[in-house]
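The next block holds one structure in the form of structure tokens; read it before the comments.
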Amino acid sequence: MPLKIYNSFTRQKELFNPITPGHVGMYVCGPTVSGESHLGHARPYITFDIVYRYLTFKGNKVRYVRNITDAGHFEEEGREAEDKISKKAVLERLEPMELVQKYTNLFHWAMKQFNCTEPSIEPTATGHIIEQIGMIQKIINEGYAYEVNGSVYFDVKKYAASHDYGKLSGRVIDELLETTRELEGQEEKRDRADFALWKSAAPEHIMRWQSPWGEGFPGWHIECSAMATKYLGTTFDIHGGGMDLQFPHHESEIAQSTICNHAAPVKYWMHNNMITINGKKMGKSYNNVIKLTEMFSGNHPLLTQAFHPMTIRFFILQSHYRSTLDFSSEALVASEKAFKRLWEAYEALQKLEPANQGAATDTELDARILKWLDEFEEFTDDDFSTPKVLANMFEMAPVINSIKDGLIAPAAIATSTLQLMKEKFRVFLEDIFGLQPVSESNNNTLKAVMQLLIDIRKEAKSKKDFALSDKIRNQLNQAGVLIKDEKDGGMSWSL
RNA sequence: GGUCCUUUGGCCGAGUGGCUAGGCACAGCUCUGCAAAAGCUUCUACAGCGGUUCGAAUCCGCUAGGGACCUCCA
């Protein structure tokens with residue numbers, strides 16, 4: 001089945017055809033490691049992890065490049081441009097690279113918690129200064145950049161005269177020139193819309209590199225262009241990132257790469273929408289962020305409890321990546337319960353034994369299940385409609401539980417249908433959606449202890465010693481272990 | 001100020017012309033020593049006004065609210 005992707009560049013869903021059949025090059029804007037990641041950051045990484053996993057599932061060999069921005073983006077708010085990372089490094093009295101390492105480690109840890117696949121290549125900006133300088137030089141040689149006082153700027157006006165600057169972000173260049181806000185320290189630029197490729201470093205600036213234009217540091221946009229070109233070629237398949245990066249970051253990337261490589265860099269642009277909190281984008285400037293460590297620990301005024309990374313992953317999958325997703329503790333609690341129920345049904349499904357005869361006795365139910373299963377791929381092919389796949393899974397949860405509890409005969413569905421169900425649930429939940437069990441019920445020691453307690457409780461129950469039976473159940477409950485009595489007299493437990 | 005997007009039941013959230021999305025919460029029932037879990041059932045909404053259409057949450061217009069970008073931002 002063909003995959004369709006919404007291309008932000010053309011503003012429509014398009015059939016996905018890799019440039020080289022069977023191979024996909026994908027670049028995703030990674031974190032700026034000058035601080036801790038927050039909930040909003042989780043979205044693109046989980047979204048594009050699904051994209052990566054699904055493309056792989058479809059038989060592609062995917063090279064997934066996600067950068068680490070460790071050189072810092074300059075800020076233009078003050079008189080002199082400041083490197084964000086070196087600014088904070090001074091405050092925290094750390095070496096810049098020590099700070100960068102600390103937050104890189106923390107980021108990697110968070111990605112692991114979310115069960116995000118590691119990118120094929122994770123290049124750092126500081127490790128590619130030479131490539132960035134080379135690219136800037138080429139742009140100057142092409143006549144689309146100019147040097148002033150040790151800084152280099154991209155000539156947007158000249159570029160726009162022959163190229164469609166603003167197409168990705170839906171901007172008109174003339175408007176842009178007029179509506180760009182009044183900022184200080186811009187007198188060097190020929191035009192307000194121009195952006196920096198290289199910035200001359202002030203004496204107090206810690207992070208600095210030698211360049212043909214003097215000591216300085218790279219502009220914000222050039223690192224992605226340089227690293228994407230190096231590892232994916234002049235034109236590659238997918239570029240992903242948050243919607244807030246469309247302008248100016250991605251628009252500038254297109255301009256730089258187009259001049260440097262004489263080709264449009266990206267075939268499909270994908271942008272995820274924002275996570276909001278009380279309707280407002282979660283972001284540094286709004287001072288409304290919840291850090292991932294706070295999410296996992298529950299240590300934040302807006303959180304009523306801690307949330308497992310898988311709950312957050314599931315929460316994100318329950319909405320379409322191009323819609324805003326409104327955060328609230330209540331919504332997370334709902335996702336936690338929903339995920340638990342779905343996962344328990346999934347585990348029950350894997351334990352179901354097929355009936356002896358092959359054919360279905362309830363052909364109507366059997367047909368419905370086959371349709372639901374078939375739609376897993378159909379929905380995912382339609383621009384990654386993960387919420388619809390999950391909805392179908394929830395449709396099947398009562399069927400699974402009913403078979404398990406003997407309310408529906410196992411023979412109702414065909415043996416082949418059951419096998420297909422097991423397979424499809426596993427592939428989509430684990431391989432593609434990257435979900436994992438929350439509990440530690442895989443711990444063998446714990447399993448053995450629980451088995452003993454369950455045996456004792458069963459014995460007590462059979463002797464109608466409900467006092468003991470309840471005591472075991474209640475005390476375990478207090479310890480966070482839930483005992484469930486099942487229809488057939490069996491017992492199960494979960495954390 | 002400019003450009004663009006959005007408004008779905010108590011909450012989150014799919015859905016783009018006709019068919020029950022789904023989840024959570026709430027309520028009732030079944031099962032059960034009790035509870036939980038599970039199953040069944042109930043609640044069935046599309047900001048307002050007008051238009052197009054046999055038919056609109058879905059298309060068009062206006063009004064109102066919310067938001068994003070234009071500045072670092074996932």
Side-chain angles (χ1 to χ4, degrees), chain A residues 11 28-32 34 37-48 72-77 82 84 166 169-172 174-176 178-183 193 220 240-249 251 271-276 278-286 289 314-315 318-320 322-342 344-345 348 379 385-395 397-402 404-408 461 464 466 469-470 473-474 477 482-487 489 491-492 494:
Chain A
R11 285 150 209 277
V28 175
C29 289
T32 301
S34 61
S37 297
H38 59 74
L39 178 61
H41 294 117
R43 198 170 196 192
Y45 306 132
I46 289 171
T47 297
F48 292 105
H73 301 151
F74 58 87
E75 291 171 328
E76 291 181 301
E77 281 162 26
E82 280 179 301
K84 207 194 292 176
S169 52
R171 242 153 270 259
V172 183
D174 295 333
E175 278 166 3
L176 205 60
E178 284 157 25
T179 59
T180 301
R181 284 192 192 177
E182 201 68 62
L183 294 170
W220 176 29
M243 271 182 186
D244 50 354
L245 294 182
Q246 270 189 70
F247 191 89
H249 187 54
E251 197 71 62
H271 291 97
N272 63 276
N273 214 319
M274 302 293 107
I275 287 183
T276 59
N278 294 321
K280 275 216 165 43
K281 171 187 167 184
M282 187 179 283
K284 274 174 251 175
S285 6
Y286 298 102
V289 302
F314 183 82
F315 172 67
Q318 267 189 309
S319 73
H320 189 88
R322 282 191 289 110
S323 303
T324 55
L325 171 58
D326 201 46
F327 161 85
S328 67
S329 210
E330 199 188 351
L332 258 299
V333 168
S335 285
E336 182 182 81
K337 289 182 181 172
F339 178 54
K340 187 168 190 285
R341 194 164 89 87
L342 183 63
E344 282 177 3
F379 291 155
S385 297
T386 55
K388 292 168 94 173
V389 176
L390 289 173
N392 273 19
M393 287 181 177
F394 276 108
E395 295 278 12
V399 177
I400 294 165
N401 287 326
S402 293
K404 174 179 147 248
D405 291 342
L407 299 169
I408 294 178
K461 271 188 78 173
K464 304 239 183 269
F466 296 125
S469 156
D470 287 357
R473 187 177 65 196
N474 294 339
N477 201 0
L482 202 65
I483 295 279
K484 288 179 231 172
D485 291 342
E486 295 180 337
K487 304 270 177 206
M491 288 176 203
S492 66
S494 63

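Proteins come first, then strands; the chains are lettered A, B, ... in the order of their sequence lines, and each starts at number 1. Being a predicted model, the structure only gives us computed values, none of them experimental.
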Checklist outcome for this item: Between F327(A) and F315(A) the two heavy atoms that sit nearest each other are CA-CZ, 4.1 Å
Next on the checklist: Classify A338(A) by what it touches in the nucleic acid, base, sugar-phosphate, or nothing, heavy-atom distance under 4.0 Å.
Outcome noted: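 Result for A338(A) = sugar-phosphate.
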Checklist entry - Heavy atoms under 4.0 Å, any strand shown: does G40(A) hit a base, just sugar-phosphate, or nothing? => result base
Do any side-chain nitrogens or oxygens of [X] fall under 4.0 Å of OP1 or OP2 in [N]?
X: S169(A); N: rC70(B); answer: no
X: K280(A); N: rG67(B); answer: yes
X: Y286(A); N: rC72(B); answer: no

Only counting residues at least two apart or in another chain, list the ones meeting side chain to side chain donor-acceptor pair (under 3.5 Å) with [X].
X: N273(A); value: none
X: N401(A); value: none
X: K388(A); value: none
X: T324(A); value: none

If I pick the [atom1] atom on [M] and the same atom on [N], what distance separates them, to the nearest angstrom?
N: rC11(B); M: rA25(B); atom1: P; result: 16 Å
N: rG28(B); M: rC69(B); atom1: P; result: 46 Å
N: rG23(B); M: rC34(B); atom1: C1'; result: 29 Å

Length of the line joining [X]:[atom1] and [N]:[atom2], which is rounded to integer Å:
X: K284(A); N: rA68(B); atom1: NZ; atom2: P; value: 16 Å
X: F247(A); N: rC70(B); atom1: CZ; atom2: P; value: 8 Å
X: H320(A); N: rA14(B); atom1: NE2; atom2: P; value: 8 Å
X: I408(A); N: rU30(B); atom1: CD1; atom2: P; value: 20 Å
X: I275(A); N: rA68(B); atom1: CD1; atom2: P; value: 14 Å
X: M243(A); N: rU3(B); atom1: CE; atom2: C1'; value: 15 Å
X: M282(A); N: rA68(B); atom1: CE; atom2: P; value: 13 Å
X: D326(A); N: rU6(B); atom1: CG; atom2: C1'; value: 13 Å

Restricting to side chain to side chain contact (heavy atoms under 4.5 Å, CB included), what partner residues turn up for [X], sequence neighbours left out?
X: K340(A); result: E344(A), L482(A), S494(A)
X: N278(A); result: none
X: D326(A); result: T276(A)
X: Y286(A); result: K280(A), K281(A), N288(A)

Which nucleotide, [options], lies nearest any side-chain atom of [X]?
X: S319(A); options: rA74(B), rA14(B), rC12(B); value: rA14(B)
X: R171(A); options: rA74(B), rG22(B), rG2(B); value: rG2(B)
X: Q318(A); options: rG15(B), rG23(B), rA74(B); value: rG23(B)
X: Y45(A); options: rA14(B), rA74(B), rC69(B); value: rA74(B)
X: F466(A); options: rG33(B), rC12(B), rA21(B); value: rG33(B)

Item to check | R171(A) side chain near E251(A) side chain, heavy-atom distance below 4.5 Å | outcome: no
Next on the checklist: Within the 4.0 Å limit for protein heavy atoms, which parts of nucleotides 34-43 of chain B are touched? Write it as a string from 5' to 3', B for base, S for sugar-phosphate only, - for none.
Outcome noted: BBBBBSS---
Please tabulate, for side-chain N and O atoms in residues 331-338 of chain A, each donor-acceptor pair with protein atoms closer than 3.5 Å (sequence neighbours left out).
unit_1  : atom_1 : unit_2  : atom_2 : d
S335(A) : OG     : Q318(A) : OE1    : 2.9
S335(A) : OG     : A331(A) : O      : 3.4
E336(A) : OE1    : Q305(A) : NE2    : 3.4
E336(A) : OE2    : Q305(A) : NE2    : 3.0

Check the interface with nucleotides 25-28 of chain B: list each N/O to N/O pair with the protein under 3.5 Å, or write none.
unit_1  : atom_1 : unit_2  : atom_2 : d
rA25(B) : OP1    : K337(A) : NZ     : 3.1

Next on the checklist: What I want to check is whether an N or O donor and acceptor connect the side chain of S335(A) with the base of rG23(B) at under 3.5 Å.
Outcome noted: no
Next on the checklist: Just verifying a value: how many Å separate H41(A) NE2 and T32(A) OG1, rounded to the nearest 0.5 Å?
Outcome noted: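 Spacing of NE2 (H41(A)) from OG1 (T32(A)) equals 7.5 Å.
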Next on the checklist: Only Watson-Crick and G-U wobble pairs with both distances less than 3.5 Å should count. Give RNA chain B in dot-bracket notation, marking inter-strand partners with |.
Outcome noted: (((((((..(((.....[...)))..((((.......)))).....(((((..]....))))))))))))....
